[in-house]
S.K.: 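The following block contains the structure, expressed as structure tokens.
Just so it is clear, the model here is predicted, and its values are computed rather than measured. Sequential numbering from 1 along the given sequence is applied to the chain's residues.
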Amino acid sequence: MVSHNIRLRIAVPYMILILAAMGILSIYLSRVTRANAVQELEESLLKQARAVAEVAGPLLQEGGEPEELDPLARRWAELLQARVTIIAGDGTVLGDSDEPYATMEGHALRPEVQRARLSGSGVSIRTSETLQNEMMYAAVRVPGSQGDTPAGFVRIALALDLVEARLVRLRNLILKAAVATTLVAFVLALLIAERTARPVRRLTDVARRMAAGDLEARLLPRSNDEIGTLTRTFNEMGEQLREQMTTLAEERARLAMVLELMADGLLIVDEAGQVRLLNPAAARLLEVTREEALGRSFAEVVRHHELIELYQRCVERGQEEAATVDMAQRNLFVRAMVTPLRGVERGCLVILQNLTPIRRLQTVRQDFISNLSHELRTPLASLKALVETIRDSALDDPEAAHRFLDRAEFEVDALTQMVQELLELTRIESGKIPLRLSPAPLHEVIAPAVERLESQVERKGLALGVAIPPEIGPVLVDAPRISQVVGNLLHNAIKFTPEGGRIDIWVEPEAGGDYVIVHVQDNGVGIPALDLPRVFERFYKADRARSSGGTGLGLAIARHLVQAHGGRIWAQSRAGEGSTFSFTLPLANGEHEAQEARA
């Protein structure tokens with residue numbers, strides 16, 4: 001379309017210019033030709049009139065009669081192929097080749113006769129009153145025999161149809177020449193226009209390719225004229241644009257990577273209050289997708305009144321606003337900062353810092369300190385009471401002193417066990433205890449824990465069953481550590497199962513074939529539903545277990561050891577109906593053996 005318009009813009013002015021020139025030339029040639037033809041006709045008619053005057057002059061001078069002059073006029077008319085009229089000195093028509101002379105009025109007042117009377121010859125062009133046709137009249141004076149009085153006049157008349165016919169033929173020739181010239185000019189104009197438009201069309205194609213993303217598109221200059229200069233300038237512009245777009249793409253990629261990897265949520269809200277950008281962290285915090293958030297109002301996306309109020313304050317005051325917001329419905333605790341954007345793009349920048357893990361750590365630390373204080377208070381208070389009792393009243397009673405010292409030793413052992421378990425749990429959590437993984441049969445992992453606690457089972461009168469299917473292969477574990485897990489779970493079951501109860505340890509393959517599940521089940525007092533999610537926390541004890549002793553660290557140690565092996569641990573229980581603790585272990589085959597080999 002562009003090149004087509006350019007061709008027309010170039011060709012049409014050429015055509016108009018040529019048509020105007022041909023029209024002006026045609027008019028000029030027509031006028032010049034007519035003038036020349038009229039002049040030539042005048043001269044020819046005057047010569048003819050003089051020739052006739054030489055023959056008719058003697059007759060006119062002698063007072064010739066019409067009977068002689070009229071035949072003369074007709075003979076000369078046939079010879080000259082023109083109208084011949086012989087007129088007396090007073091204007092009386094004495095002979096005419098076309099009309100009866102007797103019926104014709106006097107011609108003394110005819111313009112050509114008057115001019116001939118004065119100057120000897122005269123010419124006029126006018127419509128014949130007799131023939132009603134445009135004629136050229138040329139008259140010459142026949143001198144009289146006496147002085148200046150003319151003997152008469154000879155007039156030759158010729159219709160201008162011949163001149164007009166000649167002019168028509170000339171105009172036709174000029175028109176044909178103009179048409180031929182116009183066609184040739186049109187073809188030349190199209191060729192010139194095409195040659196001019198071709199580089200423009202190529203530039204247009206390259207521009208379209210660049211607009212479509214092909215920034216490497218270039219055009220080779222083929223001339224040193226303005227088009228060549230434009231082509232080189234266009235190539236320079238394309239190179240600069242490519243460099244700028246490359247730089248911009250790199251900057252956008254870096255910005256996108258920063259936004260993608262930012263731990264803090266980020267939103268950009270425009271002047272209308274609609275979300276124009278949010279990063280993945282913000283989408284996760286607000287539990288929305290990018291498609292759901294973009295183009296929607298800030299209030300619809302965040303759905304929290306404190307964040308909405310914070311944003312409104314920033315818009316109203318035009319300054320940064322910050323607040324700590326507890327989003328309880330989403331279990332989030334965030335630090336929100338809303339900053340107005342000033343520049344080309346108006347709006348607000350919203351940053352959401354997720355402080356939930358920090359708050360959870362603070363809560364865990366506070367609970368840990370509280371639980372540790374609680375656990376240490378009882379043995380320390382007992383030790384203090386025992387020491388005071390021994391000092392005040394048992395020094396003189398050896399038997400009582402020994403009994404109190406045994407009790408004090410028990411409390412010291414409890415404190416020592418608590419400290420050791422705390423240190424071990426800390427090392428496990430920090431990864432300072434390396435696991436020595438190797439394939440081991442399950443009975444070699446479970447048997448040591450069962451043998452170690454078998455005496456406690458017998459003292460309490462409990463029934464203990466162990467079922468390990470023979471088709472289950474070895475597991476890839478650190479055997480002593482998993483034995484410790486089984487021991488902690490078994491000890492827990494013994495402690496909370498009344499006399500005469502039953503404990504079962506059994507194993508089954510997990511769906512998928514890469515793990516096995518170890519279950520430790522009892523029919524003891526069970527765990528209340530509110531306490532069940534927290535049984536693996538440090539120092540956490542269900543209310544019914546407060547009087548049963550223990551440090552409250554065994555299940556926490558078991559959880560960390562199982563997770564270090566790539567497994568998971570969970571508990572199922574109902575109050576008064578017993579509990580089942582289960583954990584998974586990787587089988588020593590397939591992918592796990594390959595991982596061990598690489599390790």
Side-chain angles (χ1 to χ4, degrees), residues 30 33-171:
S30 297
T33 302
R34 178 183 176 84
N36 291 334
V38 169
Q39 185 177 359
E40 292 177 358
L41 186 59
E42 287 179 3
E43 294 175 355
S44 176
L45 292 181
L46 287 174
K47 289 179 181 179
Q48 293 173 4
R50 290 188 181 99
V52 175
E54 290 178 0
V55 176
L59 297 176
L60 289 172
Q61 291 173 357
E62 294 175 356
E65 295 297 328
E67 290 77 8
E68 296 177 334
L69 295 175
D70 187 64
L72 180 64
R74 294 182 184 277
R75 286 197 301 272
W76 276 99
E78 293 178 359
L79 292 174
L80 300 176
Q81 295 294 314
R83 181 180 181 183
V84 178
T85 305
I86 299 175
I87 306 168
D90 59 359
T92 303
V93 178
L94 300 177
D96 188 85
S97 60
D98 291 353
E99 295 292 331
Y101 66 89
T103 61
M104 297 175 66
E105 62 181 10
H107 284 27
L109 298 179
R110 297 292 191 268
E112 64 277 5
V113 175
Q114 291 180 349
R115 293 190 186 100
R117 186 186 298 278
L118 295 175
S119 61
S121 64
V123 178
S124 69
I125 298 174
R126 54 187 174 79
T127 302
S128 173
E129 296 180 1
T130 305
L131 303 177
Q132 296 299 316
N133 192 13
E134 190 175 21
M135 308 285 288
M136 176 180 282
Y137 297 93
V140 295
R141 183 180 62 185
V142 177
S145 57
Q146 297 179 356
D148 295 333
T149 303
F153 301 91
V154 175
R155 187 184 70 177
I156 305 296
L158 185 66
L160 292 180
D161 293 342
L162 298 176
V163 176
E164 294 299 332
R166 187 186 303 174
L167 290 176
V168 168
R169 289 195 298 271
L170 179 62
R171 290 192 189 101

S.K.: Can you measure from CZ (Phe153) to OG1 (Thr92) and round to the nearest 0.5 angstrom?
M.R.: 11.5 Å

S.K.: Just how far is it from atom CZ of Arg141 to atom OG of Ser119, taken to the nearest 0.5 Å?
M.R.: 7.5 Å

S.K.: Enumerate donor-acceptor pairs with a distance under 3.5 Å from any side-chain N or O in residues 49-58 to protein atoms, sequence neighbours excluded.
M.R.:
none

S.K.: Given Ile86 and Leu59, is the side-chain contact (heavy atoms from CB on, under 4.5 Å) satisfied, shown in steps?
M.R.: CA-CA 11 Å; Ile86 299 175; Leu59 297 176; over 6 Å; no

S.K.: Kindly give the heavy-atom pair with the smallest separation between Arg115 and Gly122, and that separation in Å.
M.R.: CB-CA, 3.7 Å

S.K.: Quick check: closest heavy atoms across Leu158 and Ala82, and the distance to 0.1 Å?
M.R.: CD1-CB, 4.2 Å

S.K.: Residues two or more places apart in sequence or in another chain: which of them pass side chain to side chain donor-acceptor pair (under 3.5 Å) with Ser97?
M.R.: none

S.K.: For Ala138 versus Leu45, what's the shortest heavy-atom pair and its separation?
M.R.: CB-CB, 3.5 Å

S.K.: How long is the span from the OH atom in Tyr137 to the CZ atom in Arg83, to the nearest 0.5 Å?
M.R.: 5.5 Å

S.K.: If you take all heavy atoms of Gly89 and Arg117, which pair is closest and at what distance?
M.R.: O-NH2, 3.2 Å

S.K.: Atom CG of Asn36 and atom CG of Leu41: how far apart are they, to the nearest 0.5 Å?
M.R.: 12.5 Å

S.K.: Strictly distance-based, threshold 3.5 Å: is any side-chain N or O of Gln61 a donor or acceptor partner for the main-chain N or O of Pro143?
M.R.: yes

S.K.: State, with a plain yes or no, whether a side-chain heavy atom of Met136 is found less than 4.5 Å away from one of Val123.
M.R.: yes

S.K.: For Arg126, is there an ion pair with Glu112 - N to carboxylate O distance below 4.0 angstrom?
M.R.: yes

S.K.: To the nearest 0.5 Å, how far apart are CG in Leu94 and CG in Leu72?
M.R.: 11.0 Å

S.K.: Quick one: side chain to side chain donor-acceptor pair (under 3.5 Å) pairs with a partner in residues 67-80, sequence neighbours left out?
M.R.: Asp70-Arg74

S.K.: Hey, could you give me the OG1/CG distance between Thr85 and Leu69, rounded to the nearest 0.5 Å?
M.R.: 12.0 Å

S.K.: Decide yes or no for Arg110 and Ser124: does some side-chain heavy atom of the first lie under 4.5 Å from some side-chain heavy atom of the second?
M.R.: no

